[in-house]
Amino acid sequence: MPDTVVLEVARYRPEQEAEPVFQSYEVPLRREWVVLDALNYIKDAADGTLSFRWSCRMGVCGSCGMKIAGRPRLSCATFLTDCLPGPIRVEPLTYFPVIRDLVVDISDFLVKLKKVKPWIVRKEEKPLSEGEYRQTPEQLDVYKPFSMCINCMLCYSACPIYGLEPHFIGPAAIALAHRFSRESRDEASAERLEILSGPDGIWQCTFVGECSEVCPKSVDPARAIQQYKLLGAAHWFRSLLMPKGAR
Amino acid sequence: VIPAAQYTPYHPRWYRRRVSVWWWLKQRNYALFVLRELTSVCVAYVAVALLLEVVAIGRGPEAHALFRQAMGKPAAVVVNALALGGLLFHSVTWFLLAPKAMDARLKGQRVPDAAVSGANFAAWAALSGAVAWLLLRG
């Protein structure tokens with residue numbers, strides 16, 4: 001194993017350049033270092049002007065998503081030794097506007113996430129005196145994989161549809177909508193299906209499937225979207241056969 | 001609406017990269033996806049060819065002989081072979097993806113993806129076998 005590795009980091013300083021350029025940094029190559037460690041090394045020892053987001057360093061917060069060696073990954077979960085021989089290209093997540101260096105604007109995702117109501121909706125809350133809403137392990141099992149999303153947006157960066165049709169609600173938001181629609185305590189699945197059956201919803205997806213490949217939490221958004229399509233199609237057939245009884 | 005999001009499209013200094021027309025050539029999985037979608041044309045072609053043959057049979061032995069003669073020409077054989085290849089590729093990828101859309105559950109447990117795909121392949125093989133038996137039994 002060599003002693004050092006070169007990182008080619010995308011720099012975009014709007015006051016300085018019109019489009020991103022790559023800057024090379026040589027960093028120590030250590031077996032236990034992830035790309036985020038190397039970026040922090042650069043920031044501390046080589047170039048304090050480099051901007052990037054990070055927080056937890058352990059694959060939970062979803063802040064440090066970047067395109068590393070051509071693929072969307074969490075920089076805290078990508079070992080330098082897995083990207084050898086280098087140089088290792090580090091770029092901001094694709095399809096999001098770049099604010100500076102590796103920092104992208106995520107407000108588009110936040111708006112979309114809110115649109116699908118990713119929380120438990122009750123038509124009427126029962127009084128506290130009646131106790132909690134209970135759930136069996138089987139009921140939990142139905143939605144659990146989809147609840148593991150950490151909102152890191154790697155799936156958006158992997159989705160060419162999101163790149164071509166920026167209005168597409170996108171993989172993570174739909175996976176989370178699916179998580180709440182499959183939830184035994186929730187009562188808004190019809191409402192979410194209505195939102196996702198619109199022009200920006202599930203039918204935009206052409207099942208490239210790359211969202212599921214890059215997901216660091218094995219959420220499998222592609223599965224959620226295809227299952228939603230099946231629900232949408234079934235709902236449409238029901239409304240065709242029984243116009244009044246579909247809801 | 002979050003105010004920042006309304007502001008986003010108009011922010012002059014943020015860099016936005018355009019998606020290249022050739023995005024699907026940049027990664028193997030994207031290319032395979034496009035190939036999978038394109039081979040649906042082969043499926044349509046084979047379906048139309050089958051319908052035309054049924055029409056020819058309906059018109060009588062002479063029409064059917066003409067149809068078979070046309071299909072036996074070298075160019076038609078090449079096209080048919082390509083279509084068959086595309087059809088097989090499309091069918092295999094289709095059945096491999098089927099478990100994603102089907103949420104099959106047995107006694108509260110999710111049926112493994114391999115079992116769902118396997119059942120689809122088995123049904124495909126059984127139906128093809130039945131059709132082959134019908135046609136080839138003499």
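Here the structure is a predicted model, which is why all the values come from computation and not from measurement. To find a chain, count down the sequence lines: A is the first, B the second, and so on, and within it residues start at 1. Excluded from the calculations below are hydrogen atoms, water molecules and symmetry mates; all remaining heavy atoms, backbone and side chain alike, are included.
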Next on the checklist: Is it the case that the side chain of W203(A) and the backbone of D200(A) share a donor-acceptor pair, with hydrogens and angles ignored and the cut-off at 3.5 Å?
Outcome noted: no
Item to check | Backbone of W14(B) reached by a side-chain donor or acceptor of R16(B) within 3.5 Å | outcome: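 Judged by distance alone, yes, a pair lies under 3.5 Å.
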Salt-bridge criterion met for [X] and [Y] (N-O under 4.0 Å):
X: R223(A); Y: D113(B); answer: yes
X: R179(A); Y: D186(A); answer: no
X: R13(A); Y: E15(A); answer: no
X: K112(A); Y: D108(A); answer: yes

Taking every non-hydrogen pair under 4.5 Å, which of [options] racks up the most with chain B?
options: P137(A), G163(A), P20(A); result: P20(A)
options: T136(A), I99(A), V104(A); result: I99(A)
options: E138(A), K115(A), R182(A); result: R182(A)
options: S212(A), P166(A), P160(A), P92(A); result: P160(A)

Next on the checklist: Which label fits F95(B) and W124(B): parallel for a plane angle under 30°, tilted from 30 to 60°, or perpendicular past 60°?
Outcome noted: tilted
Checklist entry - Going by the angle between their ring planes, with limits at 30° and 60°, are F67(B) and H64(B) parallel, tilted or perpendicular? => result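 Judged by the thresholds at 30° and 60°, the geometry between F67(B) and H64(B) is parallel.
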Next on the checklist: With a strict 4.5 Å heavy-atom criterion, list every residue of residues 74-83 of chain B that contacts chain A, or say none.
Outcome noted: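 Under the 4.5 Å heavy-atom cut-off, nothing qualifies.
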Item to check | Residues in residues 29-47 of chain B that sit under 4.5 Å from chain A, counting heavy atoms only | outcome: N29(B), Y30(B), F33(B), R36(B), E37(B)
Measure [X] against the heavy atoms of chain B and call it side chain, backbone, both or neither at under 4.5 Å.
X: E210(A); result: side chain
X: Y95(A); result: side chain
X: A18(A); result: backbone
X: E213(A); result: side chain

Next on the checklist: Apply side chain to side chain donor-acceptor pair (under 3.5 Å) to residues T94(A) and S157(A) and explain how you reach the verdict.
Outcome noted: CA-CA 5 Å; T94(A) 30; S157(A) 194; 2.7 Å; yes
Please say whether more than 12 non-hydrogen atoms of neighbouring residues, nucleotides or ligands are located less than 6.0 Å from [atom1] in [X].
X: M102(B); atom1: CE; result: no
X: Y133(A); atom1: OH; result: yes
X: W94(B); atom1: CH2; result: no

Checklist entry - Is the closest side-chain heavy-atom distance between C205(A) and F168(A) below 4.5 Å? => result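 Yes, at least one pair of side-chain atoms sits under 4.5 Å.
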Item to check | Residue pair E62(B) / L66(B), side-chain heavy-atom distance below 4.5 Å | outcome: no
Checklist entry - What parts of residues 142-156 of chain A touch chain B if we use heavy atoms and a cut-off under 4.5 Å? => result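 From residues 142-156 of chain A, the residues near chain B are V142(A).
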Checklist outcome for this item: Closest non-hydrogen atoms of I169(A) and G201(A), given as atom of the first, atom of the second and distance, are CD1-CA, 4.3 Å
Item to check | Counterpart residues, salt bridge (Lys or Arg N to Asp or Glu O under 4.0 Å), relative to K117(A) (two or more places apart) | outcome: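 K117(A) satisfies salt bridge (Lys or Arg N to Asp or Glu O under 4.0 Å) with E191(A) once adjacent residues are dropped.
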Next on the checklist: At a 4.5 Å cut-off on heavy atoms, which part of R105(B) comes close to chain A: side chain, backbone, both, or neither?
Outcome noted: side chain
Next on the checklist: Working note: Y228(A) + Q226(A), criterion side chain to side chain donor-acceptor pair (under 3.5 Å); need CA distance, chi angles, decisive distance, verdict.
Outcome noted: CA-CA 5 Å; Y228(A) 240 123; Q226(A) 306 326 307; over 6 Å; no
